[in-house]
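Working notes for the structure below.
Note: hydrogens, waters and symmetry copies are ignored here, and every other heavy atom, side chains too, is used.
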Amino acid sequence: MIHRSHVHDPQVWDQALLRLPYPHILQTWLWGAFKAGYGWQPFRWAWEDAQGRIRAAAQALYRRDRLGLLGILYLPRGPLMDPADMEAVEVVLRDLEEEARRRRAIFVRIDPEIVEAEGPRDPVAAPLKAVLQRRGWRPAQESVQFPASLWLDLTPDEEELLRAMHPKTRYNIRLAERKGVNVRPVGPEAFDLLYDLYAETALRDRFVIRPREYYRQAWTMFYEAGYAYPLLADVGGEPVAMVVIYRFGPTAWYFYGASRDRHRDKMPNHRLQWEAIRWAKSVGCQRYDFWGAPAVPTEQDPMWGVYRFKRGFGGRYVRFIGTWDYTPWPALYRLYTELIPRYLAWLRRRHWRRAGAEPG
């Protein structure tokens, strides 16, 4: 018998996550506390069996609409569970469906980091997707997180990691060292500078970012907890690139990165990534997650250049089962999922018009 309980203690929660394989930073207590400052209410549940074994855990973020009548439940990179544990899978999905009805949620959305195997036979993901479909879950039209990523195994030593890289990547790391690219860790005193670099990159590469205060809070909260590690690259004292690495349990994530056009020929981004990988390994992480890759990597994909850069470091490409929704009210769900993409497209167009960089 598996039963669910609410968890109200930060340490108890994070320790419960660490008892599951590869817990995700977006399921930590701190991430829920951070999102609570932006209109979300976190709920945290653990599923335990009669022997006291944690079988699953889920942090759900809940938000009501402006009228306070309906809401949505979202589990970023959750629930955390063994996808082959079908008993736990059934119980967790049943409880999430009940929560959606009880809280009058238009839908509950999950995007667990469960890898789909290559080829026609998938002994883990295929049965899980079959259970989701049988219970009335459907693939979401919009995804919040990336559909795929690249994972680098950090258990080999540094020389082995370098040997496993693409020769051009390895060459660029050494070129950056010869050309005087300096990389150093920074703290909150540099967060405004990191944001300026990020905003410059967003304008150049045409992606939308949040206001300065959002990132200042995200970086400060996780930096003070020991979960964030910002690195800054400079050439001759001039800041040219940055990364912010997050970590929890056995994993480090490359969450944020930015660079200027100046001195790009000196390959500061390659040196930054290598130093981030070395740091993650030094603090005991077993996996470095490059955080984001196309669902189908092709040269026509807008992410191809970023994907090719990340792939050069020797990581393994992984694709996840995707984002799944359950709705107690299908008619409302259809209305909501048709309107929201149009609204987001309008926001993007308005942003680029204001920035003077409307895509053609």
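- In plain terms, the two heavy atoms of F290 and Y254 that are nearest each other are O-CD2, 3.6 Å.
- A pairwise comparison of heavy atoms in P76 and Q27 identifies O-NE2, 2.8 Å as the closest pair.
- Shortest non-hydrogen contact noted between P23 and L20 is CD-O, 3.3 Å.
- Proximity of a side-chain donor or acceptor of K281 to a complementary backbone N or O of A276 within less than 3.5 Å is not detected.
- In this structure, T201 contributes its side chain and S259 its backbone to a donor-acceptor pair below 3.5 Å.
- The aromatic rings of W151 and F320 sit tilted, their planes meeting at an angle between 30° and 60°.
- Residues R278 and E275 are paired through a salt bridge, judged by an N-O separation under 4.0 Å between the basic side chain and the carboxylate.
- No side-chain donor-acceptor contact under 3.5 Å links T220 to the backbone of Q217.
- Closest non-hydrogen pair, W291 versus Q145, comes out as CZ2-OE1, 3.3 Å.
- Salt-bridge check for E98 with R101: failed, with every basic side-chain N at 4.0 Å or more from each acidic carboxylate O.
- Closest heavy-atom contact between Y326 and R135: CE1-O, 3.7 Å.
- Within the 4.5 Å cutoff, the side chain of W304 has heavy atoms near those of the P297 side chain.
- Between Y215 and Y195, the ring-plane angle classifies as tilted under the 30° and 60° cut-offs.
- Electrostatic pairing of E238 and R262 counts as a salt bridge here, judged by a charged N lying under 4.0 Å from a carboxylate O.
- For the pair R287 (side chain) and L152 (backbone), a donor-acceptor distance under 3.5 Å is absent.
- Proximity of a side-chain donor or acceptor of T169 to a complementary backbone N or O of M165 within less than 3.5 Å is not detected.
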What pairs of donor and acceptor atoms, side-chain ones from residues 222-235 against any protein atom, are under 3.5 angstrom apart with sequence neighbours left out?
residue, atom, partner, partner atom, Å
D234, OD1, G237, N, 3.3
D234, OD2, N182, ND2, 3.3

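- Remark: the backbone N or O of L162 is paired with a side-chain donor or acceptor of R170 at under 3.5 angstrom.
- A cation-pi arrangement is absent between R247 and W253 under the rule of less than 6.0 angstrom and at most 45 degrees off the ring axis.
- When atom types are taken as modelled, the side chain of T323 and the backbone of S143 share no donor-acceptor pair closer than 3.5 angstrom.
- E213 contributes no side-chain N or O that, together with a main-chain N or O of P211, makes up a donor-acceptor pair within less than 3.5 Å.
- Using the six-membered ring where Trp is involved, Y307 and Y317 have ring planes that are perpendicular, over 60° apart on the 30 and 60° scheme.
- Classification of R109 and D325 as a salt-bridged pair holds, one side-chain N sitting under 4.0 Å from a carboxylate O.
- Of the possible donor and acceptor atoms, none in the side chain of R55 sits under 3.5 Å from a partner among the backbone N and O of H3.
- Across R271 and V181, no two heavy atoms sit closer than the pair NH1-O, 2.6 Å.
- At least one donor-acceptor pair closer than 3.5 Å links the side chain of T28 to the backbone N or O of I25.
- Ionic pairing of R212 and D196 is present here: one or more N-O contacts between side-chain nitrogen and carboxylate oxygen are shorter than 4.0 angstrom.
- A cation-pi geometry, defined here as NZ or CZ lying under 6.0 Å from the six-membered ring centre and within 45° of its normal, does not hold between R163 and F313.
- Cation-pi geometry between R63 and W40 is met: under 6.0 angstrom from the ring centre, within 45 degrees of the axis.
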